[in-house]
**Q** 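The structure under discussion is supplied below as structure tokens; questions concerning it will follow.
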Amino acid sequence: MDFDLSEEQRLLKDSVERLILERYGFDHRRKYQTEEAGFSEAMWARYAELGLLGLPFSQAHGGFGGGAVETMIVMEAFGQALILEPYFATVVLARGILRHRASEAQKAELIPPIAEGRMKLAFAYAEPQSRYDLFDVQTGAEKDGDGWMLSGTKGLVLHGEAADRIVVSARTAGGSRDNNGIGLFLVAGDAPGLRRRGYPTQDGLRAAEITLENVRVEPADVIGDPAGALPIIFRVADEAAGALCAEAVGCFAEMHSITLKYLKTREQFGTIIGSFQVLQHRAVDMFVELEQSRSMAMYVTMMAGEGNTTERERAISAAKAQIGQSAKARSASSRSSSMVASA
Amino acid sequence: MDFDLSEEQRLLKDSVERLILERYGFDHRRKYQTEEAGFSEAMWARYAELGLLGLPFSQAHGGFGGGAVETMIVMEAFGQALILEPYFATVVLARGILRHRASEAQKAELIPPIAEGRMKLAFAYAEPQSRYDLFDVQTGAEKDGDGWMLSGTKGLVLHGEAADRIVVSARTAGGSRDNNGIGLFLVAGDAPGLRRRGYPTQDGLRAAEITLENVRVEPADVIGDPAGALPIIFRVADEAAGALCAEAVGCFAEMHSITLKYLKTREQFGTIIGSFQVLQHRAVDMFVELEQSRSMAMYVTMMAGEGNTTERERAISAAKAQIGQSAKARSASSRSSSMVASA
Amino acid sequence: MDLAFTNEEHAFREEVRQFLRDRVPPEMHRKLIESRNLSRDEMVAWARILNKKGWAVPHWPKEHGGAGWTPVQHYIFGEELQMYPVRDLPDFGTSLVGPVIYTFGNEAQKKYFLPRIANAEDWWCQGFSEPGAGSDLASLQTRAVRDGDHYVVNGQKIWTTLAQYADWIFCLVRTNPGVKKQLGISFLLIDMKSPGITVRPIQLIDGGYEVNEIFFDDVRVPAENLVGEEDKGWDYAKFLLGNERFSIASVGTSKERILRVKELAAKCRVGEERLIDRATFREKVAAVEIQLKALEVTQLRVVTNASKEQKGRQDPASAILKLKGSEIQQATADLLLEVVGPYTLPYVSEEDLESGNEPPIGPDWAAAIAPAYFNARKVSIYGGSDEIQKNIIAKAILGL
Amino acid sequence: MDLAFTNEEHAFREEVRQFLRDRVPPEMHRKLIESRNLSRDEMVAWARILNKKGWAVPHWPKEHGGAGWTPVQHYIFGEELQMYPVRDLPDFGTSLVGPVIYTFGNEAQKKYFLPRIANAEDWWCQGFSEPGAGSDLASLQTRAVRDGDHYVVNGQKIWTTLAQYADWIFCLVRTNPGVKKQLGISFLLIDMKSPGITVRPIQLIDGGYEVNEIFFDDVRVPAENLVGEEDKGWDYAKFLLGNERFSIASVGTSKERILRVKELAAKCRVGEERLIDRATFREKVAAVEIQLKALEVTQLRVVTNASKEQKGRQDPASAILKLKGSEIQQATADLLLEVVGPYTLPYVSEEDLESGNEPPIGPDWAAAIAPAYFNARKVSIYGGSDEIQKNIIAKAILGL
């Protein structure tokens, strides 16, 4: 039973937080957003220098051997600044797939350039009709000689536009909502037959709708069993949800800190507004929700290695539910959100 | 579009409220509770004098011709004092059944003594297994010559112990959860074969578990169609829910008023506690919930005569849900109740 | 007690509905259903359609173009507009400065401005809030110094809604800094084309530019544009803010939004079922609808009371309208967000939607839902935040 | 970071469980599962069972009978007791006055009282609150005037939990009315058999008599029963109230209550299905469980921090424990009420339940659910109300 960071983890936390503090104020973010890619290539290079892009890979593959705790540390710091770069898409999502399922040859090919900041990845798992169902895959993969040919539409591909390679889920067998028959394929961002329509998201990131028309996949670019990828997609989605929990906690903590500062400086009616008891209690309510959220982000991090899949998934769902609820709780003094959810 | 009371209704309201104010303080209530019946026979007589016991009956039957508005007025005032007498059981529940379905002979027999305070009624609709399902009736009614023989157990019969006559729902045909095959039978409180086990309820009223073992019902004591009573049970349950909404609003308003008084007099930390902004806002939250509840009690009262059953039932369900929720809202500053209900 | 409307009221409601069906431009109607923003031209065009019918300023005195309606008619009119939906049109002219002008203005001001307001000849904005004067409005610092037959105005306003479209601004300015803060404020009408005015739009979290900063740098305002007496502006502002609008609870708007939630949730498949068929979702929608029904009845209580009460005396229940109305509006925005689900993520600017050059990303009704959700965060803050409302109720109604 | 307990901790947990299985009297166990109240004799008997094992006062210093456990062991012990469930036993002696005596008392007091507390020879109650001193405890008025080698005590205490069973009361009394209110208070131990003490039970909404009024009428208390120094009692009271108890969040209790909810909801048919199968009900239970899981982790953060921090320095997160713990306890009480449904209505007194003369009304597990629900209303008020907790957090942690 231990909630402390190791010495290395503490160093990592310090260095990422310092980077964010120095180079990712909100004004920086606005500026980075206007760059061509919609984020800062310079920061991306900086992440590589700091080793963040190789973080979750084993040292044998040029990574840092980091685990869920390291990812939590980085995502929490990134959440404070709401960074724009495709860290989540590349390092959590797509490289989660690689880590769990890629062949040694694939890892050897892809991990070094990713770790060095020379390659970005995206993971195209959603489709226009799929909503939250990861098994709802209509994009088809047909056998084409020794390789495959992909056709279909993937939606909401986070950072799909900037990705050099895209991991695409596609159906090799079964009906459109079957668990079996889903494979994972690696395609180049500029592959013939692949079109990307990029757009900004509500939070200022970039995403893309991707259409595939007979996009050829070589045998070397099939990741794992072409009909049995769903368990690994679920696994990566769980890890991603855990990482997002940490990001949300970072964002939440920063908002709470900003709010507290404002409460202590803003004057109205001849006094700082933080002297009003109602606002004090709201700030306390937010603090309580923040600490509860932080607890769940730690919990889900520590459960990442849990062998019992059901227990692990329960933990992740609970953490996500708690943090989503906490972050929306406008405070006790208005019941908007709870009213929506009340019987 | 009119939310005003008529002159007669205003007089009724004044006289009931004055009675409550003068003779139903909380100390009175405690004293009445220790009387043999668990309530005040003197107050019952007083209600009769004021015409409250004949209120919802047509003038032809010795009543006052009052409708839903009059019931609302009385129940709201009674809610302020949480009166102990079997008004709801007799005048809302059992006499609701009579009003809608009894024969002229039955009305002639029963309404005058009720209006004069000489007869109390109860309505035994629930059974140990039925929970909230009014159609879940296992108590059996078997044909016995020209009459019927009842056997079974009725549960949670409000004021069943004090009742001179009890309206009992029993099954004449069909399975235990069928809509059809339910009849209503009038039995004497001391009928042979009927046993009552009285007990206090959480709120200090009286209720009873009633077992029937071959209790004989004469043909004259069958109310309406012995196999088709369910619609009328539903109807009366709706009216009863509406009356309870008014009672709850009366209770709610009284609690709010007491709380406000306390906020204005109780001193701690050298000041009246009503000067604390957090308590001011809680009092406002309660006020808002009270007014919303009052609106719904009025709404459901005005919808009592709505011919469209679905609309009427929707209105009643909405009112009950609103008032239940509002009355439990501990105030915004704690989320207990909303948390239970949140997703 | 009776919930029924009179035959006349029913007929009036039908007249309003027919007018809306006949006269609301279809493109504008579609945008409103989809929670999108209207252009300046669309809003002006609609205001003139209303004015042509004589319904632009129905709540004004008859001599200035009012309709002479009963409170119930005003209620019906507001509800029908909101339900159609025609909602949230800026009413800085018609509801805010107009009544101030006809109540406190001089004849010249009345004669010049009122008809122009009614016909949307001038677009008005409201110069009240300042960086240092939010909930504590009376602490405003923008200075107006008399210089011959002009005032010279210096200072800054903020959160000025749609100032980028405005021809005129009505401003609270400090004309006497030497007295208690409420006593040295005046109410000035300022031509937005005056030299020295700079408007700087503020981008909001919904991506749009609904509000602005306005800077006044030695702006010369003819003294004839002073409304009423110098240093009495706070009284006029209180009058303005206290003008009860039956639309403040936005019951009609929320009703329409819930219908929209149901319509979209019936289209939306989640797994093997429609979202609308899911018990947990149905319960959430029902919870909001019930609160809304209660608010509607509360509002009707206020309206019918207003028919009888002395003007100026507010029903205590009216204080609930803004609080609960805001809560419910935000709850409906939340439900819409939940219905749309993942495809709330793409951000599409109003210009892109307007141009129609490219097909929409995701369902065509999804684009404006998230911005509308973000935008709805304002309703519990503007026009007196929830906290200010509660302070007022605690003091004025509960006597705390 | 690691969620795992050590092997030693696992073994300890198993030892606690085994002890509970072996030693908790079955009748007492059944009552606790059914949310019923224990008799004085049952509570005393259980305290002695614990003491025989050496676990009555594990948190005390070893020289006074403490167990010398780590914070994690204390946590495990508390959680296992709560989950069994063995909960809510009055700890006025062991947790409250005991530590005051061994920290501030003289040798005679330690020697006499501490072993008696550990073995429940004396039943203690707490004389803090007064009619005029609730949240503002320091404004208490009960007077103690020195008269030779006695104090003469006059005044009134209220909300005194289970004073009807008590042999001793520890009291805050005013010994110096002439100074700032916190500075004139002393901490007295008073024999409840002293002439001049009257105990008047207060019936609560749950039907029981958990609390009392106590009247002191010229009660003579030997001066040797003063703890520490005269007029320093407020310091000792703050020490007492600040003694962090790992059990305050009642995580174990709430876990057990949720298991109970699920067990009963699986028995309970609503229409054609079991209550536990109903989506809307499941969602409610899950919402509470999730909050509880978060609280459990928060508590573990506090516990493991306490292993390392200096004594006396509280983890800021500990402030959450009471607030969220209360909220969740009340939520579980609410869920149980919903499970039981209509048969929460009958009121059955503890005496009737105890006598077992008549069969229960409704399901045999239903009787105590409503009283337990009502009783749980107290948890957000006692030991520092939610509002007081929030004032403290705002000031001490957020710096507001």
Side-chain angles (χ1 to χ4, degrees), chain B residues 1-6 9 67-69 72-73 256-257 259-261 263-264 272-303 305-306 314-315 317-326 332 338 341-343, chain C residues 1-6 9-10 70-73 75-76 278 280-281 283-284 286-287 289-305 307-308 315-325 327-328 334 338 386-400:
Chain B
M1 181 64 55
D2 174 16
F3 289 87
D4 286 346
L5 302 179
S6 70
Q9 289 165 343
V69 176
M72 178 187 84
I73 290 168
H256 192 245
S257 157
T259 305
L260 274 182
K261 267 182 222 139
L263 285 171
K264 291 173 188 178
I272 58 159
I273 61 173
S275 67
F276 292 107
Q277 196 188 26
V278 158
L279 298 186
Q280 290 179 353
H281 284 206
R282 267 184 86 157
V284 170
D285 291 335
M286 286 172 59
F287 172 71
V288 170
E289 294 300 327
L290 170 59
E291 290 301 324
Q292 288 281 82
S293 296
R294 195 186 293 286
S295 290
M296 286 308 257
M298 289 178 171
Y299 175 60
V300 82
T301 299
M302 291 186 280
M303 290 290 283
E306 169 67 39
R314 274 170 55 99
S317 295
K320 192 150 180 314
Q322 169 75 47
I323 294 170
Q325 191 83 10
S326 290
S338 64
S342 70
Chain C
M1 291 180 73
D2 190 357
L3 265 187
F5 289 96
T6 64
E9 286 160 352
H10 278 300
T70 64
V72 173
Q73 281 181 298
Y75 165 78
I76 290 170
R278 189 172 273 198
T280 50
F281 183 76
E283 203 170 81
K284 285 187 208 178
E289 272 197 279
I290 290 168
Q291 296 255 17
L292 181 59
K293 173 53 77 180
L295 184 63
E296 182 183 9
V297 178
T298 304
Q299 170 154 329
L300 287 168
R301 287 165 59 199
V302 175
V303 169
T304 54
N305 229 20
S307 311
K308 282 161 297 189
D315 186 309
S318 68
I320 296 171
L321 300 180
K322 167 128 199 315
L323 271 175
K324 270 284 164 189
E327 187 179 333
I328 292 168
D334 207 21
E338 180 170 345
D386 280 3
E387 287 74 21
I388 294 290
Q389 301 289 344
K390 289 184 184 179
N391 283 349
I392 292 169
I393 298 174
K395 191 169 176 192
I397 303 176
L398 306 185
L400 289 170

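As the structure is a computational prediction, the values presented were derived from the model and not from experiment. By convention in this document, chain letters (A, B, ...) are assigned in the order of the sequence lines, proteins followed by strands, and residues within each chain are numbered from 1.
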**Q** Is there side-chain contact between C/Glu387 and B/His281, with at least one heavy-atom pair below 4.5 Å?
**A** yes

**Q** Answer yes or no: is there an ion pair linking C/Arg301 with B/Glu291, defined by an N-O contact shorter than 4.0 Å?
**A** yes

**Q** Any side-chain heavy atom of B/Leu260 within less than 4.5 Å of one from C/Leu400?
**A** yes

**Q** Does any heavy atom of chain B fall under 4.5 Å from the side chain of C/Leu300, the backbone, both, or neither of them?
**A** both

**Q** For C/Val297 and B/Ser295, work out which heavy atoms get closest and say how close.
**A** CG1-O, 3.4 Å

**Q** So which atom in C/Leu398 and which in B/Val284 form the shortest heavy-atom distance, rounded to 0.1 Å?
**A** CD1-N, 3.8 Å

**Q** Going by heavy atoms in the side chains, are C/Lys390 and B/Gln280 under 4.5 Å from each other?
**A** no

**Q** Quick one: what part of B/Val288 sits under 4.5 Å from any heavy atom of chain C, side chain, backbone, both or neither?
**A** both

**Q** Pair B/Met298, C/Leu3 - check side-chain contact (heavy atoms from CB on, under 4.5 Å), show working.
**A** CA-CA 9 Å; B/Met298 289 178 171; C/Leu3 265 187; over 6 Å; no

**Q** For the candidates C/Asn391, C/Leu323, C/Thr6, which exhibits the highest count of non-hydrogen atom pairs separated by less than 4.5 Å from chain B?
**A** C/Asn391

**Q** Tell me which of these, B/Met72, B/Gln292, B/Met296, has more heavy-atom pairs under 4.5 Å with chain C than the rest.
**A** B/Gln292

**Q** Below 4.5 Å, heavy-atom pairs only: which of C/Ala286, C/Gly399, C/Ala294 has the largest tally toward chain B?
**A** C/Ala294

